[in-house]
Structure formats: structure tokens, C-alpha cells
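Below, read A as the first sequence line, B as the second, and so on, with proteins coming before strands; counting in each chain starts at 1. Just so it is clear, the values below take in all heavy atoms, side chains as well, and ignore hydrogens, waters and symmetry mates.
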2 protein chains.
Amino acid sequence: MRRAGTVTGAVPRPGLRERKKQRTRDALVRAALELFATRGYEGTTVDDIAAAADVSQRTFFRYFASKEEVTFFVPRLAESHVVEAVRGRPPGEAPLETLRRAVLDSWDDIHATIEQLVPLDLHLRVYRVIESTPALLAAHLRRATELEEELARIIAEREGLDLDADPRPRVLVAAFGGVIRVTERLWSAGDDISVAAMHDLMAAYLDRLGPALAENWRTDRAPDRRTET
Amino acid sequence: MRRAGTVTGAVPRPGLRERKKQRTRDALVRAALELFATRGYEGTTVDDIAAAADVSQRTFFRYFASKEEVTFFVPRLAESHVVEAVRGRPPGEAPLETLRRAVLDSWDDIHATIEQLVPLDLHLRVYRVIESTPALLAAHLRRATELEEELARIIAEREGLDLDADPRPRVLVAAFGGVIRVTERLWSAGDDISVAAMHDLMAAYLDRLGPALAENWRTDRAPDRRTET
DNA sequence: TGTCAAGTGTCAGCGGCTGTCACTAGCCTC
DNA sequence: GAGGCTAGTGACAGCCGCTGACACTTGACA
């Protein structure tokens with residue numbers, strides 16, 4: 001129990017001001033997500049959100065640059081777990097395996113992070129709103145490619161490669177990201193919203209990545225060499 | 001059921017009304033793209049575009065649902081060529097090869113389609129604006145995933161598969177799409193904006209798709225079996 | 001306790017976008 | 001070729017996301 005203005009400690013308890021700010025931000029996030037989930041994104045005005053959080057519209061825009069930004073506050077927190085997980089993988093591991101394990105192993109942490117702010121159920125409902133609202137889906141995809149760029153940098157560094165000279169990091173991450181997005185969409189559209197379901201779906205789809213590139217699907221074997229020019 | 005003035009041909013010449021409409025739309029597209037390329041997207045108001053095309057703002061919105069839509073008028077035309085090319089590939093071809101050849105072979109048609117409306121140079125400048133404007137980049141990515149969904153449907157149909165039962169069509173297209181996007185970005189950022197340069201870049205990156213998923217990059221061989229769970 | 005600045009509310013305004021309504025001008029019929 | 005129909009348009013009013021300016025309140029700290 002530290003007092004405001006404390007000097008000691010690695011993570012000193014923030015002052016009243018800081019705590020109040022955090023409470024306001026959380027209130028705005030929760031109010032926004034709740035409204036989005038019930039009335040939809042376009043059916044919710046910023047004034048509505050501000051009113052629900054009991055602040056002025058101007059204050060909303062001091063916390064979030066846009067209505068869009070508040071929507072992705074929780075996902076942004078979740079993403080950082082994946083980035084950290086990739087960074088924490090043992091060196092020498094095959095790149096695709098690094099990404100695969102990082103994502104699959106992060107799910108518990110991500111789950112905990114989400115629940116700290118909003119119920120998982122609300123998160124899912126908002127995710128469905130994102131998928132079905134063109135403006136939000138677009139923003140979601142843009143954020144995803146930014147994350148991919150960061151992951152490509154990390155992979156390139158791990159492998160000691162120049163990102164602009166060797167295509168493989170970006171190519172790998174692009175393919176990987178594509179599969180992740182497909183599974184996210186299927187998961188959110190499905191019935192089983194458990195973390196385990198998401199985990200299994202991703203694992204299954206990632207395992208199909210190799211075979212899907214294979215020469216001929218009908219043989220149902222994966223004959224290795226793909227399009228040799 | 002021929003209209004006045006039309007006598008022959010499977011594609012009757014449209015009436016004055018229709019031609020006037022097309023002229024107005026083309027004028028709006030050209031005015032918009034020219035302004036975007038010079039002043040930037042956000043630096044251009046819809047009033048500016050309407051004024052440049054000599055119509056009212058209200059009329060602009062009768063032709064395009066949004067400022068964003070006019071930006072993607074040309075790309076949308078180009079995309080249809082790719083879809084047609086995929087449809088036209090010989091049956092029995094390996095799916096990845098189908099996509100690869102369809103995209104690579106479409107470039108001349110795409111080039112012609114673009115030039116019919118605006119100079120290729122202007123198109124490229126607008127593309128750079130798209131890449132560097134968050135709102136437009138987001139819209140671009142959303143449109144790309146919609147296209148991917150359509151391609152996945154076509155691939156599944158070619159292979160006689162149920163899109164929702166077999167992950168491979170979506171997985172393949174997602175991986176493929178990711179690589180295409182990476183190459184587009186590199187091309188637009190580079191110096192050589194020729195069609196040939198784009199073609200070669202895509203071919204090279206697509207050929208790296210297999211190796212990038214391979215076990216270990218350092219051996220520089222592609223040992224086939226990837227992440228077996 | 002007084003000073004300072006962070007945080008906030010209020011107000012005014014711009015730009016994207018929409019609904020409405022009256023008017024003009026191609027098109028079609030007689 | 002005159003007149004009616006309606007697609008296309010301009011003018012206007014208004015909503016909503018977002019921003020700048022300014023004054024007021026309140027936590028932080030000497």
C-alpha cells in the first residue's frame with residue numbers, strides 16, 4: 001500500500017489523478033462496447049457513449065482519437081501478448097513453428113487480459129459487430145497488417161536476415177496472418193466461443209497450410225514441391 | 001425493345017441520357033483521383049471534387065456512396081479481370097498454380113483497363129496515397145478480403161469441395177492474398193512502376209511461398225513436412 | 001496554503017453524408 | 001412535334017464525427 005507520491009517500489013501506485021483517469025477510460029471503454037453490442041456501431045453516437053460514461057463528448061475525444069479507437073482498445077492489449085510470445089520463443093526454432101506456438105500458447109494470457117476489462121461474452125459480441133460493420137472490419141484488417149509487419153521484423157531479426165532483401169519473413173507472416181484471420185472469422189461465427197475451441201480451430205487450420213499449397217488436392221497427399229517456376 | 005436511335009448490335013448504343021451519366025461519372029472519377037494525387041485524400045473535400053467536375057455535392061453522392069468509393073472505382077474494374085482469369089483456367093490444374101497464373105496473366109488486361117480511364121502514372125500516385133492514408137488502406141484491405149472470399153468460392157467449386165467443410169480453399173487463398181499484398185506494397189514503394197516489374201516481383205515472391213513455410217531457413221532447402229502437430 | 005498544470009465542460013465550426021423538394025431535360029407516346 | 005412522364009439534378013436543411021479555443025475545477029507539490 002503505497003501513498004500517492006511515493007518514491008520507492010518498481011511500480012509505484014499511481015496518484016489519485018492517474019487512477020481517476022484510468023477509471024474514466026475504463027468506463028468509456030465499457031460503455032462503448034456495451035452500446036456497440038446492443039445498438040450496433042453506427043447506431044451508437046459518441047454522445048451516447050459519453051453520456052453513458054458521464055463525461056462530455058469532448059472528453060471522450062481526449063481519451064480516444066476516434067470512435068473506432070475505443071472499439072479496438074481491448075484487442076490492442078491482446079495483441080501485445082502475441083508479440084511478446086514470439087519474442088520469447090527459443091532461437092533456432094523453425095519460423096512457422098515459432099509463430100504457431102506463440103499464438104497458440106498466448107491464448108490463456110489473452111483471455112485473462114480481456115476478462116480484466118470486460119466479460120468474454122461481451123468481447124465476442126463486439127467482435128461480431130466488428131466483422132459485420134464494414135468500417136470496423138476495414139480498421140481491423142489494417143491493424144492486422146501492422147501487426148504482421150512487426151512480426152515480420154521480429155522473425156527477420158531472429159533469423160539474422162535483412163527484411164528488405166529476403167522475401168521469406170514477409171511472405172511467411174502474410175500467409176500465417178491470412179490463416180489466422182480466416183480462423184478468427186469462423187470462430188466468431190460459430191457456436192463454441194470457448195478459448196479451447198479457438199485454439200483447436202487455429203491449430204487445425206495452421207496444419208492445413210502446407211497441404212493447401214500442395215500440387216494436387218485430389219490425391220489428398222501433400223507432394224511437397226509446389227510451383228517450381 | 002430497342003431504344004430510340006438504336007438499330008443494330010448485341011450491345012445497343014446507350015441513349016443520350018446514359019452517355020451523359022457516364023461522362024459525369026468519369027469526370028468525377030478523374031477529378032477526384034487528380035485531386036487526391038496532388039492534395040492528398042483528406043486534403044480534398046467532396047465539394048472540391050464536385051466543383052472540379054462541375055456538379056453539385058449532392059450529385060457526387062448520387063454517383064458514389066462515399067468519398068472512399070470513388071477512390072476504388074478503377075481498382076474494382078481491375079479486380080474483375082483476375083476473377084475472370086481464375087474462372088478461365090483449365091480444370092485439373094493445381095489450385096495454387098491456378099491463382100498464380102491467373103494473376104500473372106491478367107496484368108496486360110488490367111493495364112489496358114486502367115489506361116482507358118486514367119493514365120497509369122496517375123493510378124500509381126493514387127495507389128501511394130491509398131497506402132499512406134490509414135482510412136484508405138483499411139478500405140483497400142477490406143476489399144481485398146472480399147475478393148479473397150470470392151476466389152475461395154471459385155477454387156472450392158473447381159475442386160468440387162464444400163467451402164465450409166474443407167479449410168484448404170480459404171487457407172490457400174489467404175496465404176496467396178497475403179503474398180500479393182506484400183508485393184503490391186513493395187511495387188508501389190519502388191522505382192520501377194512498369195507492368196513487367198510488378199509481374200516479376202509477384203512471380204518471385206509467390207515462388208518463395210513454399211520455402212518460407214519450410215522447416216528451417218538456414219539449410220535453404222525446403223524439407224517438405226511442416227509443423228506436424 | 002498558495003501556485004501550477006492536468007483534466008474537463010462549453011461553445012463554435014468544418015466536413016462527410018442524407019432526406020426532401022422543386023425543377024430541368026431526355027425519353028416515349030400519340 | 002406536342003405533351004406527359006420520370007431520371008437526374010441543384011438547393012437547402014440537418015445529423016454526426018471530430019477539432020480548436022478558452023475558461024473553470026481540482027489534484028499535485030512546494
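One can place CZ of B:Phe60 at 10 Å from C1' of C:dC17, the figure rounded to the nearest angstrom. One atom, CD of A:Glu68, and another, C1' of C:dG16, lie 16 Å apart when rounded to the nearest Å. Atoms CZ (A:Phe61) and P (C:dC11) sit 18 Å apart, rounded to a whole Å. Counting to the nearest Å, the C1' atom of D:dG17 and the CD atom of A:Glu69 are 14 Å from each other. In this structure, the CG atom of B:Leu35 is 12 Å from the P atom of C:dG16, given to the nearest Å. Rounded to a whole Å, the CG atom of B:Leu28 is 14 Å from the P atom of C:dG16.
Proximity of residues 128-146 of chain A to DNA chain C (heavy atom under 4.0 angstrom from any strand atom) is not detected for any residue. Applying a 4.0 Å cut-off to non-hydrogen atoms, the residues of residues 47-59 of chain B that approach DNA chain D are B:Val55, B:Ser56, B:Arg58, B:Thr59, listed by residue number.
The list of ring pair (Phe, Tyr, Trp, His ring centres under 6.0 Å) pairs with a residue in residues 169-193 of chain B, not counting sequence neighbours, is empty.
Ring pair A:His140/A:Phe72 is parallel by interplanar angle, where below 30° counts as parallel and above 60° as perpendicular.
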Where do N or O atoms of nucleotides 5-8 of chain D meet protein N or O atoms at under 3.5 Å, pair by pair?
{"residue": "D:dT6", "atom": "O2", "partner": "B:Arg17", "partner atom": "NH2", "Å": "3.4"}
{"residue": "D:dA7", "atom": "O4'", "partner": "B:Arg17", "partner atom": "NH2", "Å": "3.4"}
{"residue": "D:dA7", "atom": "N3", "partner": "B:Arg17", "partner atom": "NH2", "Å": "3.2"}
{"residue": "D:dG8", "atom": "OP1", "partner": "B:Lys21", "partner atom": "NZ", "Å": "2.6"}

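Residues satisfying the side-chain contact (heavy atoms from CB on, under 4.5 Å) test with A:Arg87, not counting sequence neighbours, are A:Val83, A:Glu84, A:Glu150, A:Ile154. The side-chain contact (heavy atoms from CB on, under 4.5 Å) search around A:Glu34 returns A:Thr38, A:Leu122, A:Arg125, not counting sequence neighbours.
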